[in-house]
Amino acid sequence: MPGEDEDALRELSEVLPQEVSSLFSETYTEESHYVFCGQELRITQHYGANLGVAAPVWDAALELCGYFEEQKLNFKGKKVLELGAGTGIVGILASLLGGQVTLTDLPHALPQINKNVSANIPLRNAPNVCALSWGVDQEQFPQDYDFILGADIVYLKATYPLLIQTLQFLCGPHTTVLLSSKMRQEHGTVAFFQDMLTKYFISELVKRNEDKNINIYKVTQCYN
């Protein structure tokens, strides 16, 4: 849905700090290397107005990857869905750890995700990469995921009801949702996790990085 995507990017440019918004004023490519869970990840980031917030590897994504390592999470044989994958780093790591992974984002972000998948995972083991617009496309996906992952996907208030709607549909009785987020008070992120999300799910804070103001929540048990 290009129109909605453009509106979201415009809204984001108004609320993000100027130094962050400036990341998207020039077009350039940067490759970064990370190591988590014994896996080396090569992630290319395509900065520019077209990708906007989907371009960078955000700290919340690295925090979630670190949580996988700390908890020695085993995704082997598990069905995993990543929402708002951006660069794909979180879903790629889950795939390398044995998960049957589907990475999703808006259509404009998919070429970057595909490039990073190709750089890190052999074609025969490659995860699925496909578009998912919250509140629109979720019914095209199954409801039997073991894990749903999201890193820094809670930053635009207008999308919060759509995210809740999407999670309600996708989250089955045995699904664990892991959401890692910078807790931006001015964006309503705190209110989303403390007030909105808890109306529909059981949400547990499982890790906090005080220095970076990043929380990781474990979300389970969808209510009817």
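Everything numeric in this text was worked out from a predicted model, so none of it was measured. Residues take their numbers from the sequence shown, with the count starting at 1. Keep in mind that the numbers below use all heavy atoms, side chains included, and drop hydrogens, waters and symmetry copies.
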Could you tell me whether the side chain of [Y] reaches within less than 4.5 Å of the side chain of [X], counting heavy atoms only?
X    : Y    : answer
Y34  : Q39  : no
Y145 : T176 : no
V219 : L197 : yes
S95  : I92  : no
H46  : T44  : yes
L170 : Q143 : no
I121 : L96  : yes

Where do [X] and [Y] come nearest, in terms of heavy atoms and distance?
X    : Y    : answer
L149 : A94  : CD1-CB, 4.2 Å
F201 : Q168 : CZ-N, 3.7 Å
G84  : W134 : N-CZ2, 4.5 Å
T87  : N116 : O-ND2, 2.9 Å
Q138 : S133 : OE1-O, 4.0 Å
T220 : T175 : CG2-O, 4.0 Å

Do any N or O atoms from the side chain of [X] and from the backbone of [Y] form a donor-acceptor pair under 3.5 angstrom?
X    : Y    : value
N215 : S181 : no
K182 : K212 : yes
T189 : Q185 : no
E82  : G91  : yes
R42  : H33  : no

>> Under the salt bridge (charged side-chain N to carboxylate O under 4.0 Å, His left out) definition, can you give me all pairs with a residue in residues 127-153, not counting sequence neighbours?
In response: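 As it turns out, the salt bridge (charged side-chain N to carboxylate O under 4.0 Å, His left out) pairs with a partner in residues 127-153, which skip direct neighbours, are K79-D144, D152-R184.
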
> Which residue pairs pass the salt bridge (charged side-chain N to carboxylate O under 4.0 Å, His left out) test when at least one of the two sits in residues 200-210, sequence neighbours left out?
Replying inline: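 Those involving residues 200-210 are E63-K207, E70-K207, R208-E210.
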
Roughly how far, to the nearest 0.5 Å, is [atom2] of [Y] from [atom1] of [X]?
X    : Y    : atom1 : atom2 : value
K72  : L97  : NZ    : CG    : 12.5 Å
I214 : S180 : CD1   : OG    : 5.5 Å
L110 : K115 : CG    : NZ    : 15.0 Å
L41  : I89  : CG    : CD1   : 5.0 Å
S203 : K218 : OG    : NZ    : 11.5 Å
L178 : L73  : CG    : CG    : 7.0 Å

> Going through the checks in order, is the side-chain contact (heavy atoms from CB on, under 4.5 Å) test met by V57 and L62?
Replying inline: CA-CA 7 Å; V57 174; L62 299 179; 3.6 Å; yes

> Take atom NE2 in H174; do more than 12 heavy atoms of anything else shown fall under 6.0 Å from it?
Replying inline: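 No - once you tally the heavy atoms of other residues, nucleotides and ligands closer than 6.0 Å, there are 12 at most.
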
>> If you count every heavy atom of other residues, nucleotides or ligands that lies below 6.0 Å from E31 atom CD, does the total exceed 12?
In response: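 More than 12 heavy atoms, drawn from other residues, nucleotides or ligands, come within 6.0 Å of this atom.
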
>> L167 vs Y200, test: side-chain contact (heavy atoms from CB on, under 4.5 Å). Steps then yes/no.
In response: CA-CA 9 Å; L167 289 173; Y200 307 96; over 6 Å; no

> Tell me, which pairs form a ring pair (Phe, Tyr, Trp, His ring centres under 6.0 Å) where one or both residues lie in residues 59-96, sequence neighbours left out?
Replying inline: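 Counting only pairs at least two positions apart or across chains, the ring pair (Phe, Tyr, Trp, His ring centres under 6.0 Å) contacts touching residues 59-96 are F68-F75, F75-F147.
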
>> Holding to side-chain contact (heavy atoms from CB on, under 4.5 Å), I want the full list of residues that pass it with T104, two or more places apart in sequence or in another chain.
In response: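 For T104, the residues satisfying side-chain contact (heavy atoms from CB on, under 4.5 Å) (neighbours in sequence not counted) are L81, L83, T102, C130, L132, F141.
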
> What do the steps show when you test N120 against I43 for side-chain contact (heavy atoms from CB on, under 4.5 Å), and what is the final call?
Replying inline: CA-CA 8 Å; N120 289 277; I43 303 296; 4.0 Å; yes

> For D105, which residues count as a salt bridge (charged side-chain N to carboxylate O under 4.0 Å, His left out) partner, sequence neighbours excluded?
Replying inline: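 Not a single residue meets the salt bridge (charged side-chain N to carboxylate O under 4.0 Å, His left out) criterion with D105.
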
> Do S32 and Q45 have side-chain atoms, one donor and one acceptor, less than 3.5 Å apart?
Replying inline: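 Side chains of S32 and Q45: pair found under 3.5 Å.
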
> By ring pair (Phe, Tyr, Trp, His ring centres under 6.0 Å), which residues pair with Y160, not counting sequence neighbours?
Replying inline: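 Once residues adjacent in sequence are excluded, the partners of Y160 under the ring pair (Phe, Tyr, Trp, His ring centres under 6.0 Å) criterion are F192.
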
